Amino acid sequence: MDGSNYVSALLSKPMGIVFEENDEEYGGIFVLSLSEGGNAEIDGKIKPGDQLVAVNDKKVAGMQFDDALGTIVEASTEKTRLVFFRGDEVQLYGPTGASKEWLDEFIAKA
């Protein structure tokens, strides 16, 4: 694994991102759409289909919808750093995805 499939964005709230939950088999959430004129669309780094893996320095990959979204809501920083995997849930959580250890290390450095 390498970081080329990951993207990071530093956004203020409201971010203008609509999230959807992955299939129960994988867990986690992904970007369904971006609000027109919202902070995420203006920033230009996030795309529909991106898988959310971290909020600031907290890993949310594989979390249930409410828990992952709650991490964004509870973030108290002026701008919140979101880290995404550019690909689908099978690529992220399946047998060819990053190991837990690699992802933890990557999030710590991102």
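Values in this document were obtained by computation on a predicted structure and should not be read as measured data. Residue indices begin at 1 and follow the sequence shown.
Judged as a side chain to side chain donor-acceptor pair (under 3.5 Å), the pairs with a partner in residues 58-76 (not counting sequence neighbours) are, in order, Lys59-Asp104. Within the structure, no pair that satisfies the salt bridge (charged side-chain N to carboxylate O under 4.0 Å, His left out) test touches residues 12-35, not counting sequence neighbours.
Put simply, Tyr93 and Val55 are part of two different groups of oily side chains (I, L, V, M, F, W, Y) that touch within less than 4.5 Å, one to the next. By the criterion of side-chain heavy atoms lying less than 4.5 angstrom apart, applied directly or through intervening Ile, Leu, Val, Met, Phe, Trp or Tyr residues, Val53 is not grouped with Met63; the two fall into different hydrophobic clusters. Residues Leu103 and Val90 are members of one and the same hydrophobic cluster, defined by side-chain heavy-atom contacts under 4.5 angstrom among Ile, Leu, Val, Met, Phe, Trp and Tyr. Under the 4.5 Å side-chain heavy-atom criterion for Ile, Leu, Val, Met, Phe, Trp and Tyr, Val83 and Met15 are members of distinct hydrophobic clusters.
Using a 4.5 Å cut-off on side-chain heavy atoms (C-beta onward), Gln91 and Asn5 make no contact. Counting heavy atoms from C-beta on, the side chains of Val7 and Leu82 never come closer than 4.5 Å.
Relative ring orientation between Phe84 and Phe19 is described as parallel, the plane-to-plane angle staying below 30° on a 0-90° scale split at 30° and 60°.
For Tyr6 and Trp102, the ring centers sit closer than 6.0 Å to each other.
Every side-chain hydrogen bond (donor to acceptor under 3.5 Å, both in side chains) that Arg86 has, sequence neighbours left out, goes to Asp50.
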Would you list the atom pairs, donor with acceptor, under 3.5 Å between side chains in residues 26-48 and any protein atom, with sequence neighbours excluded?
from	atom 1	to	atom 2	distance (Å)
Asn39	ND2	Ser12	O	3.0
Asn39	ND2	Ser12	OG	3.4
Asn39	ND2	Pro14	O	2.8
Glu41	OE1	Gly37	N	2.5

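Here Phe106 contributes atom CZ and Ser8 contributes atom OG; the two are 8.0 Å apart, rounded to the nearest 0.5 Å.
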Test side chain to side chain contact (heavy atoms under 4.5 Å, CB included) applied to Leu11 and Arg81, step by step: CA-CA 6 Å; Leu11 301 171; Arg81 183 175 60 92; over 6 Å; no
What verdict does the side chain to side chain contact (heavy atoms under 4.5 Å, CB included) test give for Leu69 and Val60, after you've listed the backbone C-alpha separation in whole Å, the side-chain angles of each residue and the deciding distance to 0.1 Å? CA-CA 9 Å; Leu69 206 55; Val60 299; over 6 Å; no
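Defined by atom type and a distance below 3.5 Å, a donor-acceptor pair is present between the side-chain atoms of Asn22 and Gln51.
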